[in-house]
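This one's a predicted model, so the numbers in the text were calculated from it and none came from an experiment. Numbering of ligands and ligand atoms starts at 1, following listing order. Computation of the quantities below employed the complete heavy-atom set of this structure, encompassing side-chain atoms and omitting hydrogens, waters and symmetry-equivalent molecules.
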Amino acid sequence: MPTDRLTIFDTTLRDGEQAPGFSMHVDEKVRLARQLARLGVDVIEAGFPIASEADAEAVRRVAAEVRGPVIAGLARCHPADIDRAGLALSPAARRRIHTFIATSDLHLARKLRMTRETCLDAAVAAVRRARRYTDDIQFSAEDATRSDMDFLCRVVEAVIAAGCTTINLPDTVGYSTPDEVAAFFTAIISRVPHSDAVTFSAHCHDDLGLAAANTLAAVCAGARQVECTVNGIGERAGNASLEEVVMATRVRADRLPFTTGIDTAQIFPSSQLLTELTGQAVQANKAIVGRNAFAHEAGIHQDGMLKDRRTYEIMRPEDVGVPQATLVLGKHSGRHAVRRRCEQIGVTLEPQELDQVYTAIVALADREKTVNDKDLAAVVARVRGGAAAAPAAIVPTAVPDFNSTPAEVGYGHGV
Ligand code: MN
């Protein structure tokens with residue numbers, strides 16, 4: 001019987017790392033792998049050992065130095081790939097060989113120039129060879145969601161009989177919709193004999209922005225491993241983002257009653273480390289880890305947040321390791337946010353001072369877009385006719401409780 005515990009298979013160092021602009025040196029991969037272990041992922045796919053000497057070295061170093069998660073290496077269904085992966089993984093306490101071959105007619109005919117029968121034989125032979133190195137074997141049917149269902153079921157049945165323990169069914173090109181993915185997993189799990197003896201896995205790409213939704217649809221249909229990456233990096237538009245899938249199960253446990261081993265407070269530090277190592281920034285509006293994910297500029301939102309965070313916050317920033325929600329002072333801000341921000345830098349304003357500071361902030365924001373703590377301190381000093389006070393450490397203060405007018409709350413979109 002499937003349990004409600006999901007296996008988090010992180011492929012940041014393989015699918016993520018192979019995307020343009022995201023390549024990492026061996027030492028950097030080891031650093032990120034250590035952080036992934038702190039994050040609590042179950043499996044780290046450390047690389048594709050046959051791809052290059054450096055990839056093999058990275059897998060070997062992660063296998064030797066990182067303890068906790070299972071360490072996986074990717075291999076095509078070729079004997080040399082399997083042997084290279086088996087060798088690179090040998091220092092790991094727990095190792096997995098992840099072998100794959102495309103099963104769609106399009107990939108077989110146009111890319112591999114191979115018949116279905118040759119493909120099936122290669123898959124079985126690869127799984128058997130991988131068993132020389134480990135009992136933990138994952139098989140992926142590349143382009144599974146565009147494969148012929150009868151043939152795919154035959155391949156899955158054959159690799160299970162050969163000793164495979166995890167069956168990954170990727171939506172390689174990010175083409176599927178959530179209802180299709182659910183029907184697809186339901187059909188395969190119900191049709192393949194002994195499907196209850198293995199773990200089914202989803203690997204979804206984000207070409208249509210559906211990777212996390214498709215992954216969760218697969219889970220609801222019986223998949224118990226999800227393949228994902230930090231910040232959603234990966235080929236083309238990327239993979240399902242680890243933080244989105246995990247936080248969806250946390251925040252909406254009522255609809256998605258699945259657990260993971262993830263320490264969510266390590267999500268933001270993991271995102272930051274990946275950004276630091278690759279030099280690739282996360283888009284500001286990225287869910288969970290983007291700069292704006294917990295920022296509130298619209299005055300109506302800021303007012304609600306100051307009165308009760310639940311008005312505009314479905315999860316607490318500290319739950320994912322973000323230090324705190326940010327009230328961004330901009331032209332949409334109101335007096336409440338200006339007063340709070342002043343309190344946070346150690347300044348208590350008299351009512352007439354608040355009016356003057358507020359007016360100056362809105363005027364400044366028209367020119368500068370946003371106003372930082374240093375700007376705010378300078379404005380307060382100017383209003384008071386003194387020198388600028390240095391911003392103090394930000395401390396939470398009590399929420400003021402009074403009736404609000406638009407002038408106090410500010411404007412900006414309320415929805
Ligand atoms: Mn992929």
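- Between Arg340 and Glu343 a salt bridge is recorded (basic side-chain N to carboxylate O distance below 4.0 Å).
- In summary, Arg116 and Asp105 engage in a salt bridge, as defined by a charged side-chain N under 4.0 Å from a carboxylate O.
- Between the side chains of Ser140 and His203, not a single donor N or O lies within less than 3.5 Å of an accepting N or O.
- Screening residues 286-296 for salt bridge (Lys or Arg N to Asp or Glu O under 4.0 Å) gives Glu243-Lys286, Glu244-Lys286 as the qualifying pairs, with residues at least two apart or on separate chains.
- For the Mn ion (ligand 1), protein N/O/S neighbours under 2.8 Å (waters excluded) are Asp15 OD2, His203 NE2, His205 NE2.
- Under the 4.0 Å criterion applied to side-chain N and carboxylate O atoms, Arg60 and Glu57 are assigned as salt-bridge partners.
- Between Ala211 and Asn239, the shortest heavy-atom contact is CB-C, 4.1 Å.
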